[in-house]
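Just follow the structure's listing: the first ligand is 1, and inside any ligand the first atom is 1.
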Amino acid sequence: MSENNESHLVPNRECGQCTACCVVLLIDDKNFKKPADQRCVNIMKTGGCKIYNKRPSVCQEWHCAWRFMAQLDENWRPDRSGILLRSDENGIIFQPIQDPKKVLTNERTIELIGGGVAQGIPMSMSIPTKKGFRSYSVSLNEPLEIAVQSRNLFTIQEKMVELIEFASAQNTSSIAD
Ligand code: SF4
Ligand code: SF4
């Protein structure tokens with residue numbers, strides 16, 4: 001999760017109909033709370049927030065990485081890419097909101113992950129486990145290092161699938177805890 005001053009945001013880039021963070025994220029603020037992986041009660045049927053102009057400060061301050069990484073084009077908006085990209089002091093976190101094996105192993109995503117790994121940017125993914133349980137986070141840099149060096153798309157894809165299967169099989173704590 002990253003808190004960013006508005007000045008860091010890409011000019012003229014808006015959330016539009018995307019509500020990915022309003023569904024996926026746990027919000028535990030003194031003014032507003034919502035569980036992880038549940039639609040916020042304020043999401044409109046057509047998408048967007050029905051209290052947008054009066055939304056809690058925690059919602060105003062939080063932006064996914066797509067909102068402030070200019071190199072990511074419009075197709076990286078989370079509801080289009082199927083990935084909620086987050087950035088914090090631990091690096092870039094890939095959180096799939098659609099089938100992880102599909103959205104995390106396509107050529108475009110591999111290019112982004114591989115480029116980051118090659119540059120030594122800390123990268124990780126947060127993979128859903130059992131329904132009702134928390135996601136499992138896996139660092140990507142070390143496990144992918146050799147595959148990225150191979151520059152072979154299929155080799156990197158194979159390693160990504162292996163890591164996704166490993167992560168999704170882990171026991172994690174209940175979302176309700
Ligand atoms: S995930 Fe990003 S683009 Fe989508 S609503 Fe949240 S901040 Fe906006
Ligand atoms: S209050 Fe609005 S911006 Fe905040 S999580 Fe709910 S729908 Fe999203």
Side-chain angles (χ1 to χ4, degrees), residues 1-106 108-113 115-116 121-129 131-138 140 160 164 167-168 174-177:
M1 188 177 286
S2 175
E3 289 183 6
N4 287 273
N5 183 300
E6 295 271 320
S7 64
H8 292 98
L9 300 181
V10 179
N12 302 320
R13 182 172 285 181
E14 302 289 345
C15 297
Q17 299 306 303
C18 181
T19 52
C21 60
C22 307
V23 176
V24 172
L25 299 182
L26 165 76
I27 301 180
D28 189 12
D29 184 70
K30 62 180 188 311
N31 298 317
F32 187 63
K33 298 183 193 300
K34 94 165 219 16
D37 297 326
Q38 279 189 30
R39 284 174 67 84
C40 173
V41 293
N42 294 316
I43 297 177
M44 294 189 289
K45 279 187 183 146
T46 51
C49 172
K50 66 182 169 200
I51 57 162
Y52 189 79
N53 291 331
K54 291 183 182 170
R55 67 198 188 285
S57 56
V58 64
C59 302
Q60 293 182 29
E61 288 161 7
W62 194 88
H63 301 98
C64 72
W66 176 74
R67 290 292 310 272
F68 56 85
M69 288 175 69
Q71 66 269 42
L72 301 177
D73 67 21
E74 289 296 310
N75 292 319
W76 279 101
R77 198 175 84 178
D79 59 329
R80 295 177 178 139
S81 66
I83 303 169
L84 177 58
L85 269 176
R86 293 151 50 194
S87 171
D88 65 15
E89 64 280 2
N90 298 316
I92 297 177
I93 302 154
F94 290 72
Q95 183 157 1
I97 56 175
Q98 295 169 15
D99 179 0
K101 285 187 191 171
K102 188 171 167 200
V103 298
L104 291 175
T105 64
N106 63 48
R108 195 179 56 158
T109 306
I110 294 289
E111 194 179 322
L112 186 64
I113 292 174
I121 298 168
M123 304 217 142
S124 62
M125 59 184 179
S126 179
I127 301 296
T129 56
K131 193 168 172 53
F133 289 79
R134 293 184 194 281
S135 296
Y136 187 84
S137 292
V138 188
L140 293 170
M160 281 293 288
I164 291 166
S168 64
S174 165
I175 285 173
D177 288 348

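Shown here is K33, whose NZ atom has more than 12 heavy atoms of other residues, nucleotides or ligands within 6.0 Å. In E111, the CD atom is not crowded: 12 or fewer heavy atoms of neighbouring residues, nucleotides or ligands sit closer than 6.0 Å.
At a threshold of 4.5 Å between non-hydrogen side-chain atoms, the residues R77 and Q17 count as touching. Looking at W66 and L85, their side chains never come closer than 4.5 Å, going by heavy atoms from C-beta outward. Between P78 and V24 there is no side-chain heavy-atom pair separated by less than 4.5 Å. Put simply, the side chain of V58 does not reach to within 4.5 Å of the side chain of K30, judged on heavy atoms.
Residue-level proximity to ligand 1 for L84 is carried by the side chain, the only part with a heavy atom below 4.0 angstrom.
For atom 4 (Fe) of ligand 2, the count of nearby protein N/O/S atoms, taking only those under 2.8 Å, is 1.
Near atom 8 (Fe) of ligand 1, less than 2.8 Å away, sit the protein N, O or S atoms C15 SG.
Cation-pi contact between R108 and W76: present, with separation from the ring centre below 6.0 Å and deviation from the ring axis of at most 45°.
The side-chain contact (heavy atoms from CB on, under 4.5 Å) test with L104 singles out one residue from I127, D99, I110, and that residue is I127.
The shortest heavy-atom contact between I93 and D88 is CD1-OD2, 3.6 Å.
To the nearest 0.5 Å, atoms SG (C22) and CD (Q38) are separated by 14.0 Å.
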